[in-house]
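Report on the structure given below.
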Amino acid sequence: MADSTLAQFEATVAGPSLERAQSAVVTLTPDALVVRAPDGQSVSIPLSVVFDFVVRIPDEGETERELVVGTTQDDQQKIVSIGGDEDTIDRFRVLFAKALLADASCVVTVGETCKSGSLAVTREGVAVDCDGRTVRLRYESITRISRDEQAVVLGADSGSIAVAFEQTRHRNLFVRHLQTTPSVELESTHRPTVVVVDDEPNLAELVCHRLSALADGYDYVAYDDPTKALEATQHNDVDCFVSDYSMPEMNGLELLRRVRDRDASLPFILYTGRGSETIAADAIGAGVTDYVPKSMGDEGYARLARRIETVV
């Protein structure tokens with residue numbers, strides 16, 4: 001491979017500009033993500049237009065994992081999904097995050113020292129360079145992640161590191177990388193609360209009932225009014241939102257945006273029967289944690305339960 005090639009592999013790719021999901025060669029360079037299909041179609045996506053990515057967890061029995069990348073091109077939000085085996089996608093995800101953050105300017109605070117610095121991510125952990133000093137945190141040692149308007153604070157038994165980014169985009173991409181790293185296991189000191197929102201009250205209650213049978217380590221609360229569900233973030237500890245999309249007064253995307261105005265990192269799963277690319281792209285653009293096609297069968301509820309266990 002050429003020196004400028006960071007990664008290259010065959011994958012199942014869908015959109016943008018590709019007519020359908022198809023086998024293609026994916027190449028990552030320091031500046032772009034390039035997709036070449038066997039029929040001659042070629043798409044080059046500048047890394048500068050990538051604003052987010054989501055790792056879709058495979059359903060039970062499936063081996064393919066999917067990385068969904070959100071982009072802003074021609075004033076439109078679009079997505080490209082890249083599917084492959086778990087190890088390939090996980091290795092690519094790390095290289096992808098490293099390339100996205102390669103030009104990130106930041107200020108690093110270690111203890112009482114605050115200096116301009118740089119950040120790098122690897123498969124093992126995070127390395128920050130601060131005034132000639134390199135501090136490394138392995139992912140399994142990270143027990144707390146918090147963020148304010150610009151900074152991300154990583155807590156570990158050995159202390160904490162705060163990384164303040166000049167660009168909000170870089171901060172969000174860094175947090176997403178941490179959220180999608182399996183070995184980051186955050187401390188939990190309470191029984192998580194999952195809010196389920198659907199304008200059909202019986203359906204919201206049914207989803208809670210089925211989820212409690214599949215994953216009983218959570219408290220499930222049903223709402224048929226998204227406005228009242230939103231108020232729960234003000235008055236109660238909420239650890240995850242599961243929301244329908246099609247609701248008359250406030251749809252799932254509008255609820256997601258309102259939640260994000262109050263909490264940028266609260267897990268939010270869009271649970272919808274409408275799975276078009278436009279809705280998926282808008283959801284990623286609004287900061288969705290994951291989106292799950294609605295299915296009333298046993299496997300559909302099991303899939304949703306696995307997503308909740310993954311993101312909470």
Side-chain angles (χ1 to χ4, degrees), residues 47-48 50-55 67-70 72 90 93-189 192 233 237-241 256-257 259-268 284-290 310-312:
L47 296 188
S48 59
V50 174
F51 63 85
D52 201 357
F53 59 88
V54 174
V55 176
L67 181 73
V68 183
V69 180
T72 301
D90 188 56
R93 176 191 60 80
V94 176
L95 293 171
F96 187 55
K98 185 175 183 178
L100 289 169
L101 295 167
D103 62 345
S105 298
C106 58
V107 174
V108 179
T109 302
V110 181
E112 300 298 323
T113 304
C114 182
K115 298 285 186 179
S116 295
S118 61
L119 175 146
V121 298
T122 68
R123 293 203 79 184
E124 292 74 33
V126 178
V128 291
D129 290 328
C130 179
D131 196 27
R133 174 191 177 195
T134 300
V135 179
R136 292 180 172 85
L137 279 182
R138 297 184 66 86
Y139 293 125
E140 56 264 31
S141 72
I142 298 174
T143 58
R144 300 176 302 281
I145 300 174
S146 61
R147 61 179 173 179
D148 55 26
E149 186 174 350
Q150 293 294 336
V152 180
V153 180
L154 307 180
D157 293 337
S158 58
S160 64
I161 295 175
V163 184
F165 294 91
E166 290 186 6
Q167 295 185 25
T168 302
R169 169 178 169 268
H170 286 143
R171 181 206 63 179
N172 293 342
L173 290 169
F174 180 52
V175 171
R176 181 67 84 180
H177 166 67
L178 295 173
Q179 291 173 335
T180 55
T181 299
S183 53
V184 175
E185 297 183 3
L186 305 182
E187 294 175 344
S188 179
T189 58
T233 62
D237 289 331
V238 176
D239 298 276
C240 181
F241 263 82
L256 169 60
R257 293 186 180 102
V259 169
R260 284 289 170 261
D261 287 342
R262 301 181 179 186
D263 191 324
S265 60
L266 180 66
F268 192 110
I284 293 176
V288 76
T289 306
D290 202 350
T310 298
V311 303
V312 174

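Atoms considered below: every heavy atom in the structure, side chains included; atoms not considered: hydrogens, waters and symmetry mates. Sequential numbering from 1 along the given sequence is applied to the chain's residues.
For Ser105, the side-chain contact (heavy atoms from CB on, under 4.5 Å) partners at least two apart in sequence or on another chain are Glu166. Not counting sequence neighbours, the partners of Thr122 by the side-chain contact (heavy atoms from CB on, under 4.5 Å) test are Glu124. By the salt bridge (charged side-chain N to carboxylate O under 4.0 Å, His left out) test, Arg136 is found to be paired with no residue, residues two or more places apart in sequence or in another chain being considered. For Thr180, the side-chain contact (heavy atoms from CB on, under 4.5 Å) test picks out Phe53, Val55, Arg93, Arg176, with sequence neighbours left out. Partners of Phe51 by side-chain contact (heavy atoms from CB on, under 4.5 Å), not counting sequence neighbours, listed by chain and number: Thr72, Gln77, Ile284. Take His170 and apply the side-chain hydrogen bond (donor to acceptor under 3.5 Å, both in side chains) test, not counting sequence neighbours, and it matches Asp103.
Put simply, the side chain of Asp90 reaches to within 4.5 Å of the side chain of Arg123, judged on heavy atoms. Within the 4.5 Å cutoff, the side chain of Phe174 has no heavy atoms near those of the Leu100 side chain. Side-chain contact between Leu119 and Leu101 is present, with at least one heavy-atom pair separated by less than 4.5 Å. Using a 4.5 Å cut-off on side-chain heavy atoms (C-beta onward), Leu47 and Phe96 make contact. Residues Phe165 and Val152 form a side-chain contact, since some pair of their non-hydrogen atoms from C-beta on lies under 4.5 Å apart.
Of all heavy-atom pairs spanning Cys106 and Val163, the tightest one is CB-CG1, 3.8 Å. Nearest heavy-atom pair across Ala127 and Thr134 is CB-CG2, 4.4 Å. Nearest heavy-atom pair, Gly287 versus Asp52, reported as atom, atom and distance to 0.1 Å: CA-OD2, 4.4 Å. Across every non-hydrogen atom of Leu266 and Cys240, the tightest pair is CD1-N, 4.0 Å.
Of the inter-residue distances, the one linking Tyr139 atom OH with His177 atom NE2 reads 2.5 Å to the nearest 0.5 angstrom. To the nearest 0.5 Å, atoms CG (Leu178) and CD1 (Ile142) are separated by 5.5 Å. In this structure, CG in Leu154 is found 9.5 Å from OG1 in Thr143, a value given to the nearest 0.5 Å.
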